[in-house]
Amino acid sequence: LQDDALAVRPGMVALDLAVDTTGRAVLAGFQWPPAPASVVLDLRTPVAQYIERASYGMLTVDGEGAFLVAGGRSRGGGLWTSTAPGVWSFDDLPLTGTNDSGFRDVDVRGDRAVACGYDDGADTLQVILTRTTTTGWQKIQPAGPGTRTYFCVALSEAGTIFVGGIDGAGGMSPRAFLTQRFADGQWAELLLPDPALLHGVMDILIAGDGSIYLACMGEGDSTTANLIHADASGVRNEITPFPGGLLQVAEGPDGSVYATGFRRDEGTGAERGVMLVRSP
């Protein structure tokens, strides 16, 4: 690993990254001080490029090659697109209201991108958008109850969009859900094992073998971390649930699966970081 600390301004907090096919990274996060600002730090160019927006929100970024997308997660966050190193545009979005809650996740596969969020200024609260390298963002009509909050989105090679999150977030009985939209526009629910215990789906991995992994956690101190695996043989718990939460899941070049999050001490309530590894 090479230390690029000299390219990072003091006060920048990096919360997500995407690695270009050349091995160069793009970081997303926020800048403080002098004033809160969303920041994308593009290291694909010989001189690091800072792209900033005045709205303050944590960011997510994904993509490879020349096509990358970053999204703001809170306080009016939008979507930014790059189709060349160091060049970013703040995109026009087909939303009917103020997107107060921004976009929680983006996923780029080839020349297509998808993003999901929660638009509490519009008639339809749930937001799913899609675009390509040559087209602007288009809105996809969501399916399912209006009580759902989208936390993560993924796009398969076949064009299926997977969206996961919490149904009834902030209520007395939150439940995890994962829904999928096929390329023909039809929706279907993936039945999860005990969704009330899972509480929420935080991240989705479509593995190289076509199977799906879900990093799960919930709301409140009583929830548990879990990793769900879905393939042709069914949907099952991949680990023994433990107090805490899993936030992200990824696959290595050799097929190893990595899940990161935290474990909570039931006696003291203290939390410590944890990383799980499943060898191929």
Side-chain angles (χ1 to χ4, degrees), residues 16-28 40 42 44 51 59-73 77-95 99 102-119 124 126-144 150-165 178-190 201-215 230 248-251 253:
D16 200 9
L17 65 85
V19 179
D20 184 72
T21 51
T22 64
R24 301 295 288 169
V26 174
L27 307 179
V40 170
D42 194 336
R44 295 175 295 166
I51 297 88
L59 293 184
T60 178
V61 63
D62 191 58
E64 58 184 27
F67 186 37
L68 288 98
V69 173
R73 287 180 173 169
L79 292 169
W80 314 348
T81 299
S82 172
T83 55
V87 179
W88 291 79
S89 64
F90 300 128
D91 299 340
D92 293 328
L93 304 179
L95 301 179
N99 193 1
F103 292 89
R104 295 180 179 271
D105 196 20
V106 298
D107 190 36
V108 177
R109 186 176 288 269
D111 67 348
R112 188 180 177 195
V114 290
C116 72
Y118 185 82
D119 188 355
T124 302
Q126 298 86 358
V127 175
I128 306 172
L129 300 183
T130 182
R131 68 160 293 168
T132 68
T133 53
T134 58
T135 62
W137 290 101
Q138 299 176 349
K139 193 171 183 178
I140 292 177
Q141 186 65 30
Y150 294 159
F151 278 85
C152 50
V153 65
L155 180 64
S156 75
E157 291 281 1
T160 300
I161 300 173
F162 294 87
V163 185
L178 182 72
T179 186
Q180 52 191 326
R181 182 185 187 272
F182 300 104
D184 62 3
Q186 297 298 310
W187 287 91
E189 298 288 319
L190 185 68
V201 176
M202 299 294 107
D203 196 23
I204 305 167
L205 165 67
I206 302 176
D209 62 4
S211 64
I212 299 171
Y213 291 86
L214 308 176
Q248 289 190 314
V249 57
E251 183 179 26

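These numbers were taken from a predicted model, which means no experiment stands behind them.
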side-chain contact (heavy atoms from CB on, under 4.5 Å) involving Asp105 - partner list, sequence neighbours excluded: Thr60, Cys116, Cys152, Val153, Asp203
How close do Trp137 and Leu93 get, heavy atom to heavy atom, and via which atoms? CD1-CD2, 3.7 Å
Would the distance check show the side chain of Thr132 and the main-chain N or O of Arg112 forming a donor-acceptor pair, the cut-off being under 3.5 Å? no
Residues in side-chain hydrogen bond (donor to acceptor under 3.5 Å, both in side chains) with Tyr213, at least two apart? His229, Arg278
Restricting to side-chain contact (heavy atoms from CB on, under 4.5 Å), what partner residues turn up for Asp92, sequence neighbours left out? none
What pairs with Arg181 under salt bridge (Lys or Arg N to Asp or Glu O under 4.0 Å), at least two apart in sequence or on another chain? none
Distance (rounded to the nearest 0.5 Å) between Leu129 CG and Gln138 CD: 9.5 Å
Looking at CD of Gln126 and CD1 of Ile140, how far apart are the two atoms once the value is rounded to the nearest 0.5 Å? 13.5 Å
Taken in chain and number order and not counting sequence neighbours, the residues that satisfy salt bridge (Lys or Arg N to Asp or Glu O under 4.0 Å) with Asp42 are Arg44
Once you round to the nearest 0.5 Å, how far does CG of Leu68 lie from CG of Asp62? 7.5 Å
Leu214 and Ile204: CA distance, side-chain angles, deciding distance, side-chain contact (heavy atoms from CB on, under 4.5 Å) verdict: CA-CA 5 Å; Leu214 308 176; Ile204 305 167; 4.0 Å; yes
If you measure from OG1 on Thr130 to NZ on Lys139, what distance do you get to the nearest 0.5 Å? 14.0 Å
Under the side-chain hydrogen bond (donor to acceptor under 3.5 Å, both in side chains) test, which residues partner Gln186, sequence neighbours left out? none
Who pairs with Ala143 by side-chain contact (heavy atoms from CB on, under 4.5 Å), at least two apart in sequence or on another chain? Trp187
Nearest heavy-atom approach of Pro142 to Tyr150 is CB-OH, 3.1 Å
Among residues at least two apart in sequence or on other chains, which ones pass salt bridge (Lys or Arg N to Asp or Glu O under 4.0 Å) with Asp111? none
Do you know which two heavy atoms are closest between Ala158 and Ala183, and how far apart they sit? O-CB, 3.7 Å
Go through the structure and list residues passing ring pair (Phe, Tyr, Trp, His ring centres under 6.0 Å) with Trp80, not counting sequence neighbours. Phe90
Contacts of Phe162 that satisfy ring pair (Phe, Tyr, Trp, His ring centres under 6.0 Å) - sequence neighbours left out: none
Looking only at heavy atoms, which two atoms of Gly71 and Leu79 are closest? And how far apart? CA-CD2, 3.7 Å
In short, Gly63 meets Val108 closest at the heavy-atom pair CA-CB, 3.6 Å
Identify, with sequence neighbours excluded, every residue that meets side-chain contact (heavy atoms from CB on, under 4.5 Å) alongside Ala28. Leu59, Val61
For a 4.5 angstrom cut-off between non-hydrogen side-chain atoms, does Asp16 reach Gln248? yes
List for me each residue that meets salt bridge (Lys or Arg N to Asp or Glu O under 4.0 Å) alongside Glu64, sequence neighbours excluded, and say none if there are none. none
